[in-house]
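To start, the structure itself, in structure tokens.
These figures come from a predicted structure and were not determined experimentally. Only heavy atoms go into these numbers, but all of them, side chains included; no hydrogens, no water, no symmetry mates.
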Amino acid sequence: MTAPVDLSSLFLHFLTLSLLSIGGAISTVPEMHRFLVEKTGWLTDTSFTSSIALAQAAPGPNILFVAVLGFNVAGLSGAAAAMAGIMLPSTVLTLTATRWMREHRGHLGLRAFSAGMMPLTLGLIIATGWLLALPFLRAEAHRWGALALITATVVLTLKTRLGLVWMVLGGGVAGALGLV
């Protein structure tokens with residue numbers, strides 16, 4: 001039998017972890033394990049590991065493993081408490097920074113920072129795209145379809161104002177039809 005769940009404690013712990021999760025929430029898994037398995041006994045080793053494996057195998061954002069852990073601790077209210085805790089600080093920080101930057105967009109230091117971040121951001125996006133495309137480029141059955149999809153995406157991005165969501169949707173349809 002597991003210990004009774006204190007939702008405020010669950011929320012506050014994930015809130016704290018959010019502030020420490022440089023590299024994403026997955027970087028705080030050892031501390032989540034210590035808290036959920038060793039300290040509170042709300043989950044067993046097996047249920048903890050299975051929760052993360054299930055969430056990582058499912059389609060969707062990587063952060064969903066937090067909701068699965070919370071759900072396995074205390075159902076829907078546990079999932080809500082864990083997700084709210086892990087998401088609240090980053091969301092507030094992002095909204096605050098965005099509003100501040102909008103109000104101060106003419107400031108020379110901010111413009112210099114933004115200009116300096118552009119190549120870094122572009123490099124990270126290209127590196128991510130390369131890592132995601134590499135398995136398909138290596139597979140003989142998918143190579144030409146993947147190259148065609150990559151080329152179409154680059155051309156559409158550079159030559160049109162088509163939203164990225166439509167390109168992702170188009171790529172998904174091409175994949176579902178077996179074209180890629």
Side-chain angles (χ1 to χ4, degrees), residues 2-98 100-101 113-114 116-139 142 146 149-150 153 164-165 167-169 171-172 175-176 180:
T2 61
V5 175
D6 174 14
L7 288 176
S8 63
S9 182
L10 181 67
F11 169 77
L12 289 173
H13 192 75
F14 277 88
L15 186 82
T16 304
L17 289 178
S18 176
L19 299 171
L20 301 172
S21 63
I22 307 302
I26 201 78
S27 66
T28 61
V29 164
E31 175 55 24
M32 290 176 192
H33 181 273
R34 187 199 65 75
F35 180 73
L36 296 173
V37 176
E38 297 169 15
K39 182 178 179 191
T40 62
W42 291 338
L43 294 176
T44 64
D45 270 326
T46 303
S47 63
F48 182 87
T49 304
S50 297
S51 297
I52 293 179
L54 173 67
Q56 295 297 303
N62 189 30
I63 192 78
L64 289 181
F65 81 92
V66 172
V68 175
L69 287 171
F71 183 83
N72 285 336
V73 167
L76 288 176
S77 57
M83 281 301 284
I86 205 80
M87 296 297 293
L88 189 62
S90 58
T91 302
V92 169
L93 180 62
T94 300
L95 289 173
T96 303
T98 302
W100 184 86
M101 288 176 71
F113 176 78
S114 294
M117 289 301 290
M118 271 189 245
L120 175 68
T121 303
L122 182 60
L124 288 171
I125 290 171
I126 290 170
T128 301
W130 177 254
L131 286 173
L132 294 174
L134 203 53
F136 297 98
L137 294 172
R138 287 183 177 151
H142 298 288
L149 192 58
I150 291 167
T153 302
L164 293 177
V165 72
M167 288 185 244
V168 170
L169 182 62
V180 196

Which pair of heavy atoms, one from [X] and one from [Y], lies closest together, and at what distance?
{"X": "Phe48", "Y": "Met32", "result": "CE1-C, 3.8 Å"}
{"X": "Phe65", "Y": "Ile52", "result": "CD1-CG1, 3.9 Å"}
{"X": "Leu10", "Y": "Ala82", "result": "CD2-N, 4.4 Å"}
{"X": "Ile63", "Y": "Met83", "result": "O-SD, 3.9 Å"}
{"X": "Thr153", "Y": "Leu149", "result": "OG1-O, 2.8 Å"}

Is a side-chain N or O of [X] found less than 3.5 angstrom from the main chain of [Y], in a donor-acceptor match?
{"X": "Ser9", "Y": "Asp6", "answer": "no"}
{"X": "Thr49", "Y": "Thr46", "answer": "no"}
{"X": "Ser77", "Y": "Ala74", "answer": "yes"}
{"X": "Ser47", "Y": "Leu43", "answer": "no"}
{"X": "Thr28", "Y": "Glu31", "answer": "no"}
{"X": "Ser18", "Y": "Phe14", "answer": "no"}

Between atom [atom1] of [X] and atom [atom2] of [Y], what is the distance when rounded to the nearest 0.5 Å?
{"X": "Leu12", "Y": "Ser8", "atom1": "CG", "atom2": "OG", "result": "6.0 Å"}
{"X": "Thr121", "Y": "Ile126", "atom1": "OG1", "atom2": "CD1", "result": "11.0 Å"}
{"X": "Gln56", "Y": "Leu64", "atom1": "CD", "atom2": "CG", "result": "9.0 Å"}
{"X": "Leu93", "Y": "Leu88", "atom1": "CG", "atom2": "CG", "result": "11.0 Å"}
{"X": "Leu122", "Y": "Met117", "atom1": "CG", "atom2": "CE", "result": "12.0 Å"}
{"X": "Ile86", "Y": "Leu15", "atom1": "CD1", "atom2": "CG", "result": "8.5 Å"}

Item to check | Contact check, side chains of His33 and Asp45, non-hydrogen atoms, under 4.5 Å | outcome: yes
Checklist entry - Do Val73 and Leu69 have side chains that get closer than 4.5 Å, going by heavy atoms? => result no
Next on the checklist: Using side chain to side chain contact (heavy atoms under 4.5 Å, CB included), reason through Leu134 and Trp130 one step at a time and then give a plain yes or no.
Outcome noted: CA-CA 6 Å; Leu134 203 53; Trp130 177 254; 3.4 Å; yes
Next on the checklist: Using 30° and 60° as the class boundaries, would you call the ring planes of Phe136 and His142 parallel, tilted or perpendicular?
Outcome noted: perpendicular
Next on the checklist: Is there a side chain to side chain contact (heavy atoms under 4.5 Å, CB included) between Val165 and Leu169? Walk through the geometry before answering.
Outcome noted: CA-CA 6 Å; Val165 72; Leu169 182 62; 5.8 Å; no
Next on the checklist: How about CG on Leu76, more than 12 heavy atoms from neighbouring residues, nucleotides or ligands closer than 6.0 Å, or not?
Outcome noted: no
Item to check | Steps toward side chain to side chain contact (heavy atoms under 4.5 Å, CB included) verdict (Leu137, Ile150) | outcome: CA-CA 10 Å; Leu137 294 172; Ile150 291 167; 4.2 Å; yes
Checklist entry - Would you say the side-chain atoms of Ser51 and Asn72 include a donor-acceptor pair closer than 3.5 Å? => result yes
